[in-house]
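Since we're looking at a predicted model, the values are computed, not measured.
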Amino acid sequence: MKKLATGAAIGLGMLLVTAAPAAAEGYVYTGKWYNTAAACEKAWADAHGGGGGTSLGHECRRNSVGVYELWAYQL
């Protein structure tokens, strides 16, 4: 039981460490993911009227599963 609790604590700690840089930068996960970076970028552009200005305020980050998560900048 002690090993299980230790493993859970270490796992949670690693999750927090990997999430901390994203939170520190001011980006939040939108809950949307895409199979390609191009699809992620297109979804952002479509959601914000396309064209100029959509290159700022978001990131398409590839995760460990191989999909691209859409992260948006939040003040």
*Asks:* Output all residues satisfying side-chain contact (heavy atoms from CB on, under 4.5 Å) with A38, sequence neighbours left out; order by chain, then residue number.
*Replies:*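 Per chain and number, A38 pairs via side-chain contact (heavy atoms from CB on, under 4.5 Å) with T36.
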*Asks:* Rounded to the nearest 0.5 Å, what separation is found between the CD atom of Q74 and the NE2 atom of H58?
*Replies:*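 If I round to the nearest 0.5 Å, the distance is 16.0 Å.
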*Asks:* Please say which of Y68, W71, Y73 ends up in a ring pair (Phe, Tyr, Trp, His ring centres under 6.0 Å) with Y29.
*Replies:* W71
*Asks:* Holding to side-chain contact (heavy atoms from CB on, under 4.5 Å), I want the full list of residues that pass it with A72, two or more places apart in sequence or in another chain.
*Replies:*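 Partners of A72 by the side-chain contact (heavy atoms from CB on, under 4.5 Å) criterion, ordered by chain and then number, come out as T30, W44.
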*Asks:* Kindly give the heavy-atom pair with the smallest separation between C60 and A37, and that separation in Å.
*Replies:*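 Closest approach of C60 to A37: SG-O, 4.4 Å.
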*Asks:* Under the side-chain contact (heavy atoms from CB on, under 4.5 Å) rule, collect the residues that match up with Y34, sequence neighbours excluded.
*Replies:* K32, A39, C40, A43, L70
*Asks:* Quick one: list whatever passes side-chain contact (heavy atoms from CB on, under 4.5 Å) with N35, sequence neighbours left out.
*Replies:*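 Residues passing side-chain contact (heavy atoms from CB on, under 4.5 Å) with N35: W33, V67.
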